[in-house]
Structure formats: C-alpha cells, structure tokens
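Note on naming: letters A, B, ... go to the chains in the order of the sequence lines (proteins, then strands), and numbering restarts at 1 for each one.
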Amino acid sequence: MTDHAGESGGQPESRRDFLYLTTGLFAGVGTALALWPFIHSMNPSADVLALSTTEVDLSPIEVGQSITVIWQQKPVFVRRRTAEEIKIAEQTPVADLPDPQTDAERVIKPEWLIVVGVCTHLGCIPLGQRPTEPRGDWNGWFCPCHGSHYDTSGRIRKGPAPENLWVPKYEFLDDTLIKIG
Amino acid sequence: MSTHTQHSSSSGGGLVKWIDSRLPIFTYLQKEYGEFPAPRNFNYWWNFGAILSFMLVIMIFSGIFLAMQYTPHVSLAFDSVERIMRDVNYGWLLRYMHANGATFFFIAVYIHLFRGLYYGSYKNPRELLWIFGVVILVLMMASAFTGYVLPWGQMSFWGATVITNLFSAIPLVGDAIVTWLWGGFAVDNPTLNRFFSLHFLLPFVILAVVVLHVIALHVSGSNNPLGIDPKGPQDTLPFHPYYTAKDSFGLAVWITLFAAVVFFAPNFFGEPENYLKANALLTPAEIVPEWYFLPFFAILRSVDFNLWFIDAKLGGVIAMFGSIFVLFIVPWLDSSKVRSARFRPVYKWFFWIFVLDCVLLGYVGGHAPNAKVFEGVDWLEFIDLGHVGTAWYFIHFLVILPVLGMIEKTKPLPTSISEPVLGGGQAAAGAAAKPMEKA
C-alpha cells in the first residue's frame with residue numbers, strides 16, 4: 001500500500017488503504033486457519049494412534065535370549081541379559097563413550113534391556129538378535145549397513161552412528177509383562 | 001482511488017521487475033485481472049465464474065488430501081472411507097467438503113449456464129467460449145460420476161452398473177464396450193481402480209479447459225446484462241478493484257451457504273443407501289443418481305417406446321446424450337441477433353418455461369416412472385410428465401430457438417451500456433478511462 005501511495009505523491013493513508021489491509025488480513029488469516037484441517041489430516045489418525053502401545057509378555061524369554069517385538073511399526077529389541085553382560089555394561093567407563101550414558105540410565109531392571117532396534121545412523125536394523133548373527137566387537141549389536149558396533153547396553157562404541165540405541169518409554173505392568181509406549 | 005487501479009507491472013520491486021522481464025507473469029496478471037475492462041453493468045449472476053473457479057480449487061484441494069487416505073480396492077474402499085470419517089483428523093470435514101462441494105459446484109455451474117442462456121452469452125463472438133463451457137460441464141459430469149463410485153456403497157455400485165450398462169445399447173459393439181469399460185464381466189475391482197485413476201485425472205483436464213475458457217473470455221470480453229458491446233471506456237470498469245470486490249462479496253455469501261450445509265446438513269444431498277457397502281447380489285429398491293443428474297436420468301427413462309429400428313433402450317441413451325450435445329450447437333440454433341432476454345419479450349417467457357421444464361424433469365427423475373404423481377389420480381404417472389418434459393426440452397432448442405429468432409419483435413437496444421446507467425455516455429469515470437488507454 002504505502003509504496004503505491006508514495007508513487008502518487010505521498011498521499012496520506014486513506015480509508016481505502018485500511019479496507020484493503022483489513023480485507024487482505026481477514027482473507028489471509030481465514031485461509032491460514034482453513035488450511036489447518038488439511039495439514040492436520042496428514043498427521044497420524046486415531047486408528048494409527050490406537051496402535052501406539054504394545055504389551056509384551058517376558059515370561060518365555062530365557063537368560064541370554066533376545067526377542068524382537070513390533071512397536072509403532074518399528075522393531076524393539078528385548079534382551080534378557082546374562083549376569084556377565086550386565087557386569088560389563090555397568091563397569092564400562094562412561095567418559096570414553098561417544099554418547100555417554102550409564103547402564104542404569106538405560107534400564108529399569110538390569111536383567112531386561114529394551115531398546116528400539118533401529119540404528120541411530122541411517123535407520124538400518126542392527127544384527128545380533130539371533131545366535132547366528134554377528135554381535136559386533138562389544139557383544140551387543142552390529143549394524144551391517146555402515147558398521148556401527150553397539151555394546152550390551154545398546155550404546156554406540158564404534159562406527160558412524162551418533163547416538164546409543166534409543167530406549168523407548170516402557171513400564172512393568174507386573175514382573176513379566178511390560179507395556180511399551 | 002486511482003492510485004490503486006493504475007499500478008502496473010512497472011510498480012513492483014526489483015525482484016518483480018527481474019522476473020517480469022524474463023517471464024511477464026505480473027504484466028499478464030495486471031492486464032487480465034487488474035485493468036481488464038469489464039462491462040460496468042454486471043449483476044450478481046456474473047459472480048458465478050469466480051465462484052466456479054473457487055469450487056474447482058476446493059474440489060482439487062480436498063480431493064488430493066482425501067486420496068492420501070483412500071484405498072481403491074473393493075474390499076477396502078468402503079472401510080477406508082469410514083476410516084476417513086471416524087479416525088483421520090478432520091477427515092469428516094474433508095469428505096463432507098468434497099461431497100457437498102460437488103453439489104455446490106453443480107448448483108453454480110447450472111446457474112452459470114442458465115445465465116448464459118438468458119443473456120445470450122453464447123452468441124457471436126462467444127461461440128467457442130460457450131463450447132468450452134459445455135466441454136467443462138461434460139467433464140464435470142464424468143468426474144462426478146467416477147467420484148461417486150469410489151466410496152463403494154450400494155448406490156455407488158449400482159449407479160456404476162446402470163450407467164456403464166447404457167453403452168450396451170450401442171448396436172453390435174455395445175456389449176464389448178461395456179466389458180472393456182468394466183475390465184471384467186461386472187463392475188468390480190478393475191472398474192473401481194480405473195474410476196479412481198480417471199477421477200484423479202479429470203479435474204486437471206477440467207482445469208486445463210477452464211484456462212482455455214478464460215482465455216477465450218478475455219479475447220471476446222465479457223457479455224453483460226444488456227447484451228450489447230461496450231463502446232468505449234465509459235462503458236467499462238477495471239476488473240480490479242470493482243469486480244474483485246463484487247466477486248469477493250458474492251463468494252463470501254456462497255461460502256457461507258456452503259459452510260452451512262457442510263457443517264449442519266452434510267448428508268442432506270446424500271443417499272442413505274450409500275452408507276451400505278456395495279453388494280453385487282442385492283440391488284437397492286430404487287436406484288437414483290445424485291440430484292444434479294436427475295433431469296438427464298428422467299430423459300433417459302422417458303423414451304420407453306421403439307422408434308423405427310431404434311429400440312427404447314438405445315432411444316433413451318440417444319435422448320440423454322442428445323440433451324447434452326444439443327447445448328454445443330445452441331449458438332447456431334438461436335437465430336436471434338439480440339443477445340439479452342431483456343430485449344426479447346417472448347424469449348424471456350420461453351426461457352422461464354425451459355427452466356421450469358428442467359426442474360420438472362429433475363422432479364420426474366427422482367421418482368419411479370410408474371408411480372402416480374398425485375394420489376388418487378390414476379391417469380397421471382411420472383412417465384407421462386417425463387414424456388412432456390423431454391419433448392419440450394428438445395422443442396425448446398430445436399424449434400423455439402430457431403423460429404423465435406425469426407418472428408420475435410425485439411425491444412430497441414440502448415445505444416450504450418452507460419446510457420441507461422449514467423443517462424448518457426459523457427461522464428466517463430476517471431477510474432475506467434485510464435486503464436483503457438493502456439489496453
């Protein structure tokens with residue numbers, strides 16, 4: 001508005017300028033508000049959100065065994081760690097780690113390590129769940145895509161991944177039943 | 001005032017100038033939507049071009065977002081639509097906007113079409129403009145039909161079955177064509193898949209033809225309620241701000257009506273039967289199309305007799321497609337040189353009789369042919385009204401329009417658009433004069 005007025009010899013702002021501005025503003029704000037339902041329709045819908053928690057029965061898992069469960073379309077590694085694995089994880093000097101975290105920060109009960117099985121580098125699924133798969137140099141997991149090694153606490157030790165395997169929010173509903181999410 | 005109507009591409013900033021000298025899009029917009037000289041006497045019937053543009057945008061926009069959630073498969077389509085209604089954030093709003101958007105799109109296009117018929121907007125030099133308009137109407141019908149099949153309800157399925165079966169009336173190759181349309185031996189998954197594909201494609205074809213429609217409009221210039229050509233700057237106004245403002249007001253009223261239906265009566269125009277999932281083994285008691293197809297449906301069913309070698313089935317199909325085709329040749333059927341019905345005292349009557357005829361046909365299309373029109377009056381069935389209505393529909397175009405133009409005594413035309421408004425053409429509005437000098 002103002003530059004037009006300037007062109008025609010610096011006329012003061014007129015009633016029409018006000019009308020233009022308010023009309024444009026109302027139309028703009030109205031359009032922006034009307035866009036929200038469209039944008040929001042692309043967010044997870046109620047049926048997707050309904051699947052956002054997963055309950056896992058831990059009772060069949062023996063010491064040293066791992067299982068993979070699906071939570072929010074992602075694999076979650078559940079490993080029942082041996083006493084030795086727990087000991088190594090707890091005694092690792094935190095200061096040397098790329099993403100310093102103590103083992104205690106990453107578990108609720110030391111026996112159960114529960115992490116999202118997605119490499120924090122570019123999203124591959126690390127190997128190490130099955131007994132036949134390589135577990136990497138720290139006996140945790142090994143990502144075949146770009147060679148990231150994770151330890152028995154799921155912490156990154158070597159390779160390009162920037163962070164430890166992510167620990168999902170979970171709770172023990174009783175001794176052998178957890179709810180993830 | 002004048003400060004806002006004069007600024008052209010040259011008033012933009014550095015970036016605008018840089019772009020404009022390479023791709024003169026700002027110059028174009030200024031010329032076609034800024035200073036574009038429009039007759040100064042538009043009434044509100046001239047709002048519907050802008051309203052239709054708005055509806056096309058609404059339909060494409062809501063449709064794209066619906067397509068993100070919809071699954072075109074016979075076993076999943078119905079449930080995916082219900083998921084849109086219940087689970088998707090604002091899915092109900094997207095779907096109700098889209099479904100009622102079709103209704104409002106057709107309301108607007110029919111008003112736009114009757115506006116053209118009343119004011120003779122199809123006459124020289126606007127024949128091609130009119131033809132593009134009828135092409136858009138046909139494409140809209142195809143879009144609406146393919147779209148209505150997608151929710152895969154009972155009426156979707158049986159509507160698709162009935163309409164595709166129309167082609168079986170074509171002699172010799174009819175059945176082969178129907179099989180080809182279906183991609184099988186009944187309306188089934190292949191049919192649903194191709195209808196989804198076409199329903200996604202057609203709106204963009206419509207958009208392209210709308211561009212041609214608007215280009216043709218801007219070559220010939222708009223018609224106006226008097227139906228006479230502008231004689232100079234005193235007869236026109238720059239499109240902006242005069243008609244951008246008038247269109248905005250009309251659009252605001254229109255959106256209010258649209259919102260009222262979307263939010264308070266979203267199923268008013270819908271068919272409850274379509275909330276039942278398609279069942280290939282159970283035909284609904286009565287198959288009725290959406291309201292905007294009812295007059296054509298009535299014409300289809302009104303031909304219930306054989307004529308020479310044409311049986312009733314083929315005759316009905318010919319009549320229905322003919323009722324749309326006849327619109328293409330209206331510019332050559334109407335022999336009157338006077339455009340606006342304001343100066344055609346007899347045509348004015350026939351125009352309104354024709355409007356009533358279309359309403360009557362719509363009414364007939366919504367009822368079973370052999371149902372009684374009035375309870376207790378046995379001799380009048382809907383099919384009888386259908387006969388009369390269909391006959392009149394064609395008589396209006398094929399007899400009234402050519403003959404009336406030759407015998408009607410028209411009223412004298414005003415010498416200019418501004419004469420009846422300003423009482424003479426001398427008072428050229430300053431706002432109008434300046435852009436005209438450039439044009």
Discussion item. Does Q73(A) have more than 12 heavy atoms from other residues, nucleotides or ligands lying within 6.0 Å of its CD?
Written reply: no

Discussion item. Would the distance check show the side chain of Q69(B) and the main-chain N or O of S45(A) forming a donor-acceptor pair, the cut-off being under 3.5 Å?
Written reply: no

Item to complete: Count the heavy atoms of every other residue, nucleotide or ligand shown that sit under 6.0 Å from CE of M68(B), and state whether that count exceeds 12.
Response: yes

Worksheet item: Counting heavy atoms not belonging to F249(B), are there more than 12 under 6.0 Å from its CZ?
Response: no

Discussion item. Any side-chain to backbone donor/acceptor pair from N89(B) onto H40(A)? Under 3.5 Å, distance only.
Written reply: yes

Worksheet item: In terms of heavy-atom pairs under 4.5 Å with chain A, which of I84(B), L94(B), L93(B), L66(B) leads?
Response: L94(B)

Worksheet item: Just wondering, more than 12 heavy atoms not from E90(A) lying within 6.0 Å of its CD?
Response: yes

Fill in: Smallest separation among heavy atoms of F65(B) and I39(A), with atom names
CE2-N, 4.4 Å

Worksheet item: For L19(A), is it the side chain, the backbone, both, or neither that has a heavy atom closer than 4.5 Å to a heavy atom of chain B?
Response: neither

Discussion item. How close do F38(A) and S62(B) get, counting heavy atoms only, and between which atoms?
Written reply: CE2-CA, 3.7 Å

Worksheet item: Would you say K109(A) has more than 12 foreign heavy atoms packed within less than 6.0 Å of its NZ?
Response: yes

